[in-house]
Amino acid sequence: MALAGVVILAGCGNESKSKVSAGSGSEYETLELRYQGSVGSVTYPELAEELGYLAPLKLKWIGNTISGPQDIQTAATGQSDFGGAFNGAIIKLISAGAPVKAVIGYYGIDENTYGGFYVLDDSPIKTAKDLIGKKIGVNTLGAHSEFVIKEYLRRNGLTEDEIKQVTLVVIPPVNSEQTLRQKQIDVAALGSLLRDKALERGGIRRLFSDYDLFGTFTAGSYVFTNKFIKDNPNTVRKFVEATGKAIEWARTTPREQVIAKYKEIIEKRGRKEDATAIQYWKSTGIAGKGGYIRESEFKVWTDWLVKDGELKEGQIKLSDLYTNEFSAFQNDQEKK
């Protein structure tokens, strides 16, 4: 299992390499944070740096991630300083022994920002039961889409044996629509740009979405290793504060201005990438102010993993999974 490799490597990672020491007299332990980006999109830490919230810290881009689980594994092994993934994937990684902890939410779902599961208009699939024996295209296994699909199936009465008969096929998101239209899969997971462009072309309909199941909900978080947090508490606090401020800037700034800023950042960084997806940005989708993590956003998945037999009751504590101690917005949230 991929996670097992992380546990072995986590103790001998290279997180002390490529560091820029803040030097004596600075309140920050290190001034450089290595990270993976995402093609054609802007992360909130990148936005924070552009808006000046992150200074004097600087980001060092080391490449692009292919998925959330890969991103947090890279952080766990010390190849990067932080990474982000679906909260369920974070729980699985920590339960496998990886020494990481979530510090701030960075993506979520709401009525404007969500992941949908689509079939062709003429598909015979109308209900969850109809998915037995069918193929669903997802971007990666063990992450957001897989959890959502299984939750949908369970809520609609499928047995565990029936759920095993629903096949998840890993397909790059950019190929999902075409693969669906060619009938190589029966259902495609589509979000943001890919969803909206597919709907514009017509001929598909939504079977269900993560928003249908969970409503507004922060779904993923950024993690650091426990060692990095212990050795660099002021740096982590600055990162969380700056990223939280960037989230609130995106939440409260007119959509057109957010899109313009994202396009500016993509053009400035010169990675030769297509910025088309940015024009479809609609909202942060993040429930907690400034990325504040709510207990339910992890508990729902620990409970789910216990039901799924992947965790034992009481095997892992919520306090092992995340912390809000660095959040600049915790007073606002905890007064509610």
Side-chain angles (χ1 to χ4, degrees), residues 33-51 54 58-75 79-80 82-86 89 105-110 112-118 137-140 143-145 170-181 188-201 204 209-210 219-222 243 246-247 249-251 253-286 291:
L33 294 172
R34 297 163 300 150
Y35 79 105
Q36 295 186 106
S38 183
V39 177
S41 66
V42 176
T43 67
Y44 289 111
E46 288 173 328
L47 177 61
E49 183 173 46
E50 176 66 21
L51 294 174
L54 197 60
K58 291 185 178 297
L59 299 176
K60 182 179 181 181
W61 177 66
I62 62 170
N64 291 317
T65 184
I66 57 172
S67 70
Q70 183 273 336
D71 200 28
I72 59 174
Q73 287 178 26
T74 300
Q79 296 166 279
S80 65
F82 67 90
F86 167 59
Y106 78 98
Y107 88 86
I109 52 180
D110 62 21
N112 294 311
T113 300
Y114 60 88
F117 296 83
Y118 293 83
V138 297
N139 69 317
T140 188
H144 185 110
S145 290
V170 176
I171 296 172
V174 294
N175 298 331
S176 293
E177 179 192 353
Q178 180 182 8
T179 307
L180 174 66
R181 293 188 188 280
L190 298 170
S192 63
L193 160 71
L194 300 175
R195 177 195 64 227
D196 292 348
K197 290 184 77 170
L199 288 172
E200 284 177 3
R201 283 186 276 269
I204 65 171
S209 75
D210 47 17
S221 305
Y222 284 125
T243 302
I247 289 169
W249 182 89
R251 192 199 302 274
T253 300
R255 177 173 176 266
E256 295 73 18
Q257 292 181 37
V258 176
I259 292 172
K261 177 59 70 175
Y262 283 176
K263 286 182 177 178
E264 179 186 329
I265 292 171
I266 290 173
E267 183 176 347
K268 185 186 296 185
R269 67 194 184 194
R271 297 179 192 167
K272 297 181 180 178
E273 55 198 319
D274 184 359
T276 304
I278 292 301
Q279 68 186 2
Y280 290 87
W281 184 89
K282 293 176 181 175
S283 67
T284 68
I286 298 168

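When reading the values below, keep in mind they use all heavy atoms of this one structure, side chains included, and skip hydrogens, waters and symmetry mates. In this text, all values refer to a predicted model and were calculated from it rather than measured experimentally.
Remark: R271 qualifies as a cation-pi partner of W61 under the 6.0 Å distance and 45° angle criteria applied to the six-membered ring.
Put simply, the residue from I265, V42, L59 that forms a side chain to side chain contact (heavy atoms under 4.5 Å, CB included) with E50 is I265.
Between Y222 and F82, the two ring planes are perpendicular [angle over 60°; tilted spans 30° to 60°].
A188 pairs by the side chain to side chain contact (heavy atoms under 4.5 Å, CB included) definition with S176, L180, I185, L190, not counting sequence neighbours. Every residue two or more places apart in sequence or in another chain that forms a side chain to side chain contact (heavy atoms under 4.5 Å, CB included) with Q178 is listed here: Q182. A search for side chain to side chain contact (heavy atoms under 4.5 Å, CB included) contacts involving R255 returns I259, W281, K282, not counting sequence neighbours.
Taking 4.5 Å as the limit, some side-chain heavy atom of N139 sits within range of a side-chain heavy atom of S145. Counting heavy atoms from C-beta outward, Y35 and I62 have side chains that stay 4.5 Å or more apart. Using a 4.5 Å cut-off on side-chain heavy atoms (C-beta onward), Q79 and T74 make contact.
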Exercise for the section: Assess whether salt bridge (Lys or Arg N to Asp or Glu O under 4.0 Å) is satisfied between E267 and K263, documenting all intermediate values. Expected result: CA-CA 6 Å; E267 183 176 347; K263 286 182 177 178; over 6 Å; no
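Here K197 does not pair with E177 in a salt bridge; the nearest charged N to carboxylate O distance is not below 4.0 Å.
Counted by atom type alone, Q36 and D71 present one or more donor-acceptor pairs between their side chains at under 3.5 Å.
In this structure, NZ in K261 is found 6.5 Å from NZ in K268, a value given to the nearest 0.5 Å.
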